[in-house]
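Here the structure is laid out as C-alpha cells; the discussion comes afterwards.
All values reported here derive from a predicted model rather than from experimental measurement.
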Amino acid sequence: MTNLIVYFLILLCLISSSSSVLLGSLTVLTRDNFIQTVVKQHPWFRANFSEYLAEFHRQQAIHGMDDWNLFATYSYRKGQNTGFGSFNSDTLILNPNIGISHLFSNTGTRFNLQLNYMGQENLGVPSLSPTSNLFPNHQYGYNLSLTLTQPLLKNSFGLLDRYPKLLANFKQELAKIKYQEDAEDYMMSLSTIFLNWKLAYIQKNLLQKQVKKAKQQVTIVQKQYKRGAAEYLDLVQAQQNLQSKRLGLLTSKQSFQTLSIQIRNLMNLSLDSSSDLIPDISQSLRFLEPKQATLHFILTKSRPFQLINTQINIQAQLLAARKQERSPRLDLVATIERSSLTQDKSKALEKLGENKPYSIGLQFSRPIKNTRENQILMATQYDLEKYRLKLADQTHSFYRLVNQLYTELDFLKHQLKEARTLVKLSETYSQLEFKKYKQGRSSSQVFVLMAQDKALESKLQLEILKIKQEGLMNTLYALTDRYWAQYGVQP
C-alpha cells in the first residue's frame, strides 16, 4: 500500500510539473511551452540566427588585415640589348624573389622583409673579351632587405588602420542587437497570439454555457405554452434567443479554431492530430517590476538604448578618423639591406652581407585645398549630432510609453475590481429575474433575456479586461528583454 501511495505522489508531481497536460483527448498547452516549442522548432528562428552568423563572419573577415602576408615572384629572361647598339641573344637573367609583409595596425607600421636572388649570364658585349672586368660576363648575388614605413601625421599610431576593425566590431554588436531584438519582437507576437487564443477559448466556453441556458429556457417556455401559462410570443422570444446565442457560439468557435490552426502551424504540429489543443487559462502573465526599475533598465541596458549608443560610438570613431584624413601624409621610411655581388655563382650566398647599404627618408603629400575631406568631416559631425538627438528623443519616448503603460495598468486594476463586482451583481440579477419568471410573478420573459444578456456581457467584459492587462504586461516584458532572457538562444 505504501508503494502505491509513493507511486501516485510521483505521478502527481510529474503531471503538475509538465508544461502541457493531457485531459482525455485534450492537451492543455501553457504559454511557456508554446513559446519554447516555437523557438526551438520554427524555421524563422533558425533563419534569423543564420543571418546573424553570416553578418558576424563577414565583419570578422576585416580582421584579416592583421594576417602576415607571404609573397613570391620569379622571372626568367632570355636575351638583352647590350647598350652598344647590338642585341645579345645568349643573355640569361634569373630573378626569384620571396618575402613577408605585415601591417601593425596598433602603430600603423608597415613591415616588409624580402630576399632577392639575381643571376645573370652571358652579359658581355660580343665584340669584347668574355673575361673583361669592365663588362663582366656573369654576375650573381643575393639581396636581403628590411623596409619599415612609419606614419607620423596622417594615420599616426595606426588610427586609420584600426578604424576598419573598430567598425567591424561595432557592426558585429549591431548584428547581435538586431538578432536579439527581432527574436524578442517575434516572441512577444507569439505571446500576443496565445493571449488572443486564450480569450477566444474563454469566450467560446461562456457562450456554450449561455446556449445551454437558452435551451433550458426554451424547454421551460414550451411546457408553459402547452399548459397555457405562456403566450406564443414568449416561445418565439425564447427560440430567437437560442438561435442568437448559437450564432454567437459558431462565430466564437470559428475564431478559436482559426487561432488553434495558427498555434499548431507555429508548433509544427499535424492538423489531423487526434488530440485537441486548449490553452491553459489557470495562469496569467504577471509583471511586478516597479516603474522606476523598469525605466532604469530601459534607459541603461535595453537593446534600443544599446542600438543608438553603438551608432553614436561608430560616429565618434568615424569623426576621429575623418579628422585624421585631413592631416597631411608624412611617412618615415627606413630600409636596411645586406647583399652580395660576385662573378662566382658558388660564392654568392657565402658573401651575403658584404655590402651593407641603408637608406632613411621622408615622404610628404597633401591636397592643397582638402575640400573633399573638409566636407566629409562636416557631414560626419552632423551625423554624430543626429544620433545624439535620437537618443534624447528615444529617452523621452520611453518615459512617455512606460508612464502610459503603468497608468493604464493602474486604471485596469480598479476596472477589474469593479468588473468582478458587476459580474456578481449581474449573475445574481439574472438568477432572480429567471426565478421570478418561472414562479409566474412576471408575465414577460423579456426581462429574463435582458438580464441574461447583461450577465454575459459583464463576464465577457471582465475577460477582455484581464487579457488587456496581460497584453500591457506583455509589452513591458518585451521592453525589458524578459523574453530573450527566458527563451532566447545566446549567439
Side-chain angles (χ1 to χ4, degrees), residues 19 30-36 38-39 45 48 52 170 173-196 198-199 280-314 316 387-420 462-491:
S19 297
T30 65
R31 177 179 145 278
D32 283 347
N33 185 249
F34 167 59
I35 296 177
Q36 286 173 353
V38 176
V39 168
F45 281 92
N48 193 36
Y52 160 72
F170 283 131
E173 187 62 27
L174 287 175
K176 181 179 178 181
I177 293 171
K178 180 182 180 300
Y179 161 63
Q180 294 180 349
E181 187 65 10
D182 288 348
E184 187 83 36
D185 290 343
Y186 196 89
M187 287 184 279
M188 184 183 74
S189 70
L190 292 177
S191 183
T192 301
I193 291 171
F194 188 88
L195 291 176
N196 292 334
K198 177 180 173 181
L199 178 61
D280 181 12
I281 61 175
S282 63
Q283 297 180 353
S284 299
L285 189 62
R286 289 288 175 263
F287 186 87
L288 305 175
E289 200 74 27
K291 182 170 72 173
Q292 291 305 318
T294 300
L295 275 172
H296 176 74
F297 178 87
I298 291 174
L299 299 179
T300 58
K301 299 178 181 179
S302 67
R303 276 186 292 273
F305 173 83
Q306 292 177 34
L307 181 66
I308 297 292
N309 227 28
T310 302
Q311 290 171 331
I312 288 175
N313 290 334
I314 289 175
Y387 283 112
R388 284 174 175 165
L389 291 172
K390 274 189 175 182
L391 180 61
D393 179 64
Q394 193 171 63
T395 300
H396 291 307
S397 297
F398 277 129
Y399 267 112
R400 289 194 300 269
L401 177 59
V402 171
N403 281 320
Q404 178 184 341
L405 289 171
Y406 273 89
T407 300
E408 289 189 42
L409 283 172
D410 188 53
F411 274 102
L412 269 174
K413 188 187 301 182
H414 297 294
Q415 286 178 298
L416 284 167
K417 181 180 178 181
E418 298 299 329
R420 290 187 179 97
L462 175 62
E463 296 303 329
I464 290 172
L465 288 174
K466 287 180 181 179
I467 296 299
K468 184 178 179 181
Q469 183 185 49
E470 289 191 68
L472 294 174
M473 292 179 177
N474 183 33
T475 303
L476 286 169
Y477 251 66
L479 285 174
T480 51
D481 303 339
R482 297 293 182 90
Y483 286 116
W484 177 261
Q486 189 172 356
Y487 307 109
V489 181
Q490 287 288 350

Hey, are the side chains of [X] and [Y] touching, using non-hydrogen atoms and a 4.5 Å cut-off?
X      : Y      : value
Glu289 : Tyr477 : no
Gln36  : Met187 : no
Arg31  : Leu285 : yes

- Task: Over 60° means perpendicular and under 30° means parallel, so classify the ring planes of Tyr52 and Tyr179, tilted if in between.
- Result: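 Answer is parallel, since the angle falls under 30°.
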Write down the atom of [X], the atom of [Y], and the distance for their closest heavy-atom approach.
X      : Y      : value
Trp484 : Ala183 : CZ3-CB, 3.8 Å
Thr407 : Asn403 : OG1-O, 2.6 Å
Gln311 : Leu174 : CG-CD2, 4.3 Å

Once rounded to the nearest 0.5 Å, what's the spacing between atom [atom1] of [X] and atom [atom2] of [Y]?
X      : Y      : atom1 : atom2 : value
Asp410 : Gln415 : CG    : CD    : 10.5 Å
Leu299 : Thr294 : CG    : OG1   : 10.5 Å
Phe170 : Ile177 : CZ    : CD1   : 10.5 Å
Asn309 : Ile314 : CG    : CD1   : 11.0 Å
Arg388 : Leu391 : CZ    : CG    : 10.0 Å

My understanding is that only residues two or more places apart in sequence, or in another chain, count here; which of them pass side-chain contact (heavy atoms from CB on, under 4.5 Å) with [X]?
X      : result
Gln404 : Glu408
Asn196 : Thr192, Leu259
Leu462 : Leu416, Ala419, Arg420, Val423, Lys466
Thr475 : Leu405, Leu479

- Message: What verdict does the side chain to side chain contact (heavy atoms under 4.5 Å, CB included) test give for Ile308 and Gln394, after you've listed the backbone C-alpha separation in whole Å, the side-chain angles of each residue and the deciding distance to 0.1 Å?
- Response: CA-CA 9 Å; Ile308 297 292; Gln394 193 171 63; 3.3 Å; yes
Enumerate donor-acceptor pairs with a distance under 3.5 Å from any side-chain N or O in residues 300-307 to protein atoms, sequence neighbours excluded.
{"from": "Thr300", "atom 1": "OG1", "to": "His296", "atom 2": "O", "distance (Å)": "2.4"}
{"from": "Ser302", "atom 1": "OG", "to": "Ile298", "atom 2": "O", "distance (Å)": "2.4"}
{"from": "Arg303", "atom 1": "NE", "to": "Glu181", "atom 2": "OE1", "distance (Å)": "2.9"}
{"from": "Arg303", "atom 1": "NH2", "to": "Glu184", "atom 2": "OE1", "distance (Å)": "2.6"}
{"from": "Arg303", "atom 1": "NH2", "to": "Asp481", "atom 2": "OD1", "distance (Å)": "3.2"}
{"from": "Gln306", "atom 1": "NE2", "to": "Lys301", "atom 2": "O", "distance (Å)": "2.6"}

- Query: Between Val38 and Phe45, is a side chain to side chain contact (heavy atoms under 4.5 Å, CB included) present by the stated rule, with each step listed?
  - Reply: CA-CA 8 Å; Val38 176; Phe45 281 92; 4.1 Å; yes
- Selection residues 467-479 - residue pairs positive for salt bridge (Lys or Arg N to Asp or Glu O under 4.0 Å), sequence neighbours left out: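 Residue pairs passing salt bridge (Lys or Arg N to Asp or Glu O under 4.0 Å), neighbours aside: Lys198-Glu470.
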- Show your reasoning for whether side chain to side chain contact (heavy atoms under 4.5 Å, CB included) applies to Phe194 and Ile35. CA-CA 9 Å; Phe194 188 88; Ile35 296 177; over 6 Å; no
- Query: Does any N or O in the side chain of Ser191 come within less than 3.5 Å of the main-chain N or O of Met188, such that one atom is a donor and the other an acceptor?
  - Reply: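 No; judged by distance alone, with no hydrogens or angles, the pair does not exist.
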- Passes side chain to side chain contact (heavy atoms under 4.5 Å, CB included), Asp32 versus Tyr487? Steps please. CA-CA 9 Å; Asp32 283 347; Tyr487 307 109; 2.3 Å; yes
- Message: Under a 3.5 Å threshold, yes or no: a donor from one side chain and an acceptor from the other, between Asn474 and Tyr483?
- Response: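 Indeed, the side chains of Asn474 and Tyr483 share at least one donor-acceptor pair under 3.5 Å.
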